Amino acid sequence: MGMIGELTRSFRSPMPAHLVVLRMLDTKLGLLSYPAKLGLGSIARPQYGHCLLHAAKLAAKLGRKRISAIEFGVAGGNGLVALEMHAEQVTRTTGVEVDIYGFDTGQGMPPPADWRDLPYLFQEGSFRMDVDKLKARLRKAKLILGPVESTVDSFFERENPAPVGFVVFDLDYYSATTVALKILEGPHGNLLPRVACYVDDMVGDLDWAYSEFTGELLAIREFNEKHNHIKVAPVQGMRFFADRVPMQWHEQIFCAHLFTHPDYGRPVADFTQLPLEQAR
Ligand SMILES: C[S@@+](CC[C@H](N)C(=O)[O-])C[C@H]1O[C@@H](n2cnc3c(N)ncnc32)[C@H](O)[C@@H]1O
């Protein structure tokens, strides 16, 4: 997008004008720190970076030096490439190493199973991957190709991954997302006690009409109904925290709570006392 197009789009956003200008300057000139870029949105896919940074910080507090991040639904690979870039930044910031896995058929969307897969939005054959081109571009991410129906169940045994701390759910379909969510049923040793999740297909205009009755949100609702000790819950009010500029993706971040994970109750809060302040 050209400078004029970018300006026009930016000034239509609800962000205050001075932040729009700062974001544009930082995007061009790289003025801000990595966490500041995530807060302002002046870096590609800040939602990936925010979740990954959080997962790495949690891992560090629990004494872990390595974590895994997963993208379910890779398509051309732009998300996986962005995840690699964020992994580098996160390792530089926290010292925690990140392994990355991308699950995809490698051949685009399979046919929708029924109305729950939102066939008015998603069709067979969309989002094909150029496998060779993507493999040549990836620096560390591992592609796991094939339908998730035949790759997810064996993942932990095959890879014995470092604890999974961040998962992107971007398979579009209800049916595939129900399978991807099984990742949260893995061995506790291969999962952080709280897993950051980004759910891609849940916000949009009326023509998309996402709801809890179809697609990824239905898969999450049913997963929660089936599991007493694992719940995938939206993160309440995160747009108000850390001087963050409100952005759409704040609505799309969930946390998978593994209540019976041995580390679930380990203290990680940064503040533990609230002494009485001086009278003014
Ligand atoms: C919207 S695309 C992913 C986009 C990507 N995350 C990005 O940000 O560029 C959805 C992907 O899900 C994959 N997919 C859908 N159903 C699948 C299934 N049952 N098994 C594996 N992959 C599937 C499709 O091949 C498609 O590439």
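Both ligands and their constituent atoms are indexed starting at 1 by order of listing. Just the heavy atoms: all of them, side chains too, but no hydrogens, waters or symmetry mates, feed the values below. All of these numbers come straight from a predicted model, not from anything done at the bench.
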Open item on the list: Please say yes or no: joined through hydrophobic side-chain contacts below 4.5 Å, possibly via intermediate residues, are Val179 and Phe155 part of one cluster?
Closed with: yes

Open item on the list: With a 4.5 Å cut-off on side-chain heavy-atom distances among I, L, V, M, F, W and Y, is there a chain of contacts connecting Leu192 to Ile70?
Closed with: no

When you look for heavy atoms under 4.0 Å from ligand 1, do you find them on the side chain of [X], its backbone, both, or neither?
X: Pro110; result: side chain
X: Met129; result: neither
X: Val74; result: backbone
X: Thr105; result: both
X: Glu71; result: side chain

Where ligand 1 meets [X] - atom numbers and elements under 4.0 angstrom, heavy-atom basis:
X: Arg45; answer: 7 (C), 8 (O), 9 (O)
X: Asp172; answer: 1 (C), 10 (C)
X: Gly108; answer: 24 (C), 25 (O)
X: Ala75; answer: 2 (S), 3 (C), 4 (C), 27 (O)
X: Phe127; answer: 1 (C), 2 (S), 26 (C), 27 (O)
X: Gly146; answer: 21 (C)
X: Pro147; answer: 20 (N), 21 (C)

For [X] and [Y], indicate whether the former's side chain and the latter's backbone hold a donor-acceptor pair under 3.5 Å.
X: Thr91; Y: Val96; value: yes
X: Asp117; Y: Ala113; value: yes
X: Asn224; Y: Val232; value: yes
X: His50; Y: Pro46; value: no
X: Tyr173; Y: Thr178; value: no
X: Asn190; Y: Pro161; value: yes
X: Glu216; Y: Asp172; value: yes

- [ ] Give a yes or no on this: more than 12 heavy atoms of other residues, nucleotides or ligands lie within 6.0 Å of atom NZ of Lys57.
- [x] no

Task: Tyr48 and Phe166 aromatic ring geometry - parallel, tilted or perpendicular at 30°/60° bounds - done: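 Rings of Phe166 and Tyr48: perpendicular, over 60°.
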
Please list the nearest protein heavy atom to [atom] with its residue and the distance rounded to 0.1 Å.
atom: atom 24 (C) of ligand 1; answer: Met109 SD, 3.5 Å
atom: atom 25 (O) of ligand 1; answer: Asp104 OD1, 2.8 Å
atom: atom 19 (N) of ligand 1; answer: Glu149 OE1, 3.1 Å
atom: atom 23 (C) of ligand 1; answer: Leu171 CD2, 3.5 Å
atom: atom 20 (N) of ligand 1; answer: Val148 N, 2.9 Å

Task: N or O pair under 3.5 Å between Ser126 and ligand 1 - done: no

TODO: Check whether any N or O atom of Gly73, backbone or side chain, sits under 3.5 Å from an N or O atom of ligand 1, and answer yes or no.
DONE: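 The answer is yes, given that Gly73 and ligand 1 share an N or O pair closer than 3.5 Å.
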
- [ ] Run the numbers on Phe127 and Thr105 for side-chain contact (heavy atoms from CB on, under 4.5 Å), then give the verdict.
- [x] CA-CA 10 Å; Phe127 313 128; Thr105 60; over 6 Å; no

- [ ] Only heavy atoms count here, so choose which of Asn78, Asp200, Asp170, Val152 is nearest to atom 3 (C) of ligand 1.
- [x]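 The nearest heavy atom belongs to Asp170.
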
